[in-house]
Amino acid sequence: QAQLVESGGGSVRAGGSLRLSCGASANIFSSYWMGWFRQAPGKEREGVAAICRGDSGDITTYADSVKGRFTISKDYAKNTLYLQMNSLKPEDTAMYYCAARRDYMTIAQALVPGDYNSWGQGTQVTVSS
C-alpha cells in the first residue's frame, strides 16, 4: 500500500493556480520533514518547498524560484500535505512529488532530494503560455 499519494495536478495557463495534495499514512505524516519536489524532462529532481513541525508552529522553506508564489502546508487532522501554487509559469511544468524524512535534518538539507527516504508516485503539472 502506497504511503504517499499525490493528487491535484493538471494543465493550466500561465498565471493560473493549482493545489496539490499528498495523502500520507499516519506514521509517514509524523515524519520530521515533508516536502514537495519536481522534475522536468531532462532535468534533475529539485526541491520546491519543505515543512517541519516546530515547537512554535510549522517551519517552512522554499526554493527561490517559487518564493511568493507557492505555499506549503499540512492538515494534521487529515494527514495531508498541500502545495498551493499561484501565478504559475511555463517553467513550473514538471512532475511533482511529495516526500518525507523521518529523522532530523537541518533546514539547509530540507530541499535536497537525496535526504528524503519516502516518496510518492508523482502528479503532473503542465503550464502553457
Using distance only, find each side-chain donor-acceptor pair of residues 112-120 under 3.5 Å and give its atom names and separation, not counting sequence neighbours.
residue, atom, partner, partner atom, Å
Y116, OH, A110, O, 2.6
W119, NE1, Y116, O, 3.4

I need the minimum non-hydrogen distance between I28 and A100, along with the two atoms involved.
CG2-CB, 3.7 Å
Minimum-distance pair of heavy atoms, taken over all atoms of V66 and V48:
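Closest heavy-atom pair between V66 and V48: CG2-O, 3.5 Å.
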Spacing of [atom1] belonging to [X] relative to [atom2] belonging to [Y], to within rounding of 0.5 Å:
X	Y	atom1	atom2	value
L4	N79	CG	CG	11.0 Å
I72	M85	CD1	CE	12.0 Å
S73	L81	OG	CG	7.0 Å
L83	T71	CG	OG1	8.0 Å
E6	Q124	CD	CD	12.0 Å
I107	T61	CD1	OG1	4.5 Å

Just so I know, are the side chains of [X] and [Y] near enough to count as touching, which here means a heavy-atom distance under 4.5 Å?
X	Y	result
L88	L18	yes
V5	Q121	no
R53	Y32	no
Q3	N27	yes
K74	Y82	no

I need the full list of ring-ring contact (aromatic ring centres under 6.0 Å, His included) pairs touching residues 50-80, with sequence neighbours left out, sorted by first then second residue.
F29-Y76
Check the side chains of S17 and N86 for a donor-acceptor pair under 3.5 angstrom, ignoring hydrogens and angles.
yes
Scan for salt bridge (Lys or Arg N to Asp or Glu O under 4.0 Å) pairs involving residues 93-105, sequence neighbours excluded, and state none if there are none.
none
[X] (side chain) donor-acceptor with [Y] (main chain) under 3.5 angstrom:
X	Y	result
T126	S11	no
W33	A99	no
S65	A63	no

Measure from the ring center of Y97 to the ring center of F37 and say whether it is less than 6.0 Å.
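Distance test on ring centres: not under 6.0 Å, no.
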Begin from the C-alpha positions of V125 and L20 and carry the test side-chain contact (heavy atoms from CB on, under 4.5 Å) through to its verdict.
CA-CA 9 Å; V125 172; L20 305 184; 4.0 Å; yes
Let me check something: any side-chain donor-acceptor pairs from residues 89-96 under 3.5 Å, sequence neighbours excluded? List them with distances.
residue, atom, partner, partner atom, Å
D92, OD1, R38, NH1, 2.9
D92, OD1, R69, NH2, 3.0
D92, OD2, R69, NH1, 2.7
D92, OD2, R69, NH2, 3.4
D92, OD2, K89, N, 2.8
T93, OG1, P90, O, 2.9
T93, OG1, V127, N, 2.8
T93, OG1, V127, O, 3.3
Y96, OH, R38, NH1, 2.9
Y96, OH, D92, O, 2.6

Pairs where residues 28-120 contributes a residue and the test disulfide (SG to SG under 2.5 Å) is met, not counting sequence neighbours:
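Qualifying pairs, neighbours excluded: C22-C98.
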Once side chain to side chain donor-acceptor pair (under 3.5 Å) is applied, do any residues pair with S56, and if so which ones, sequence neighbours excluded?
none
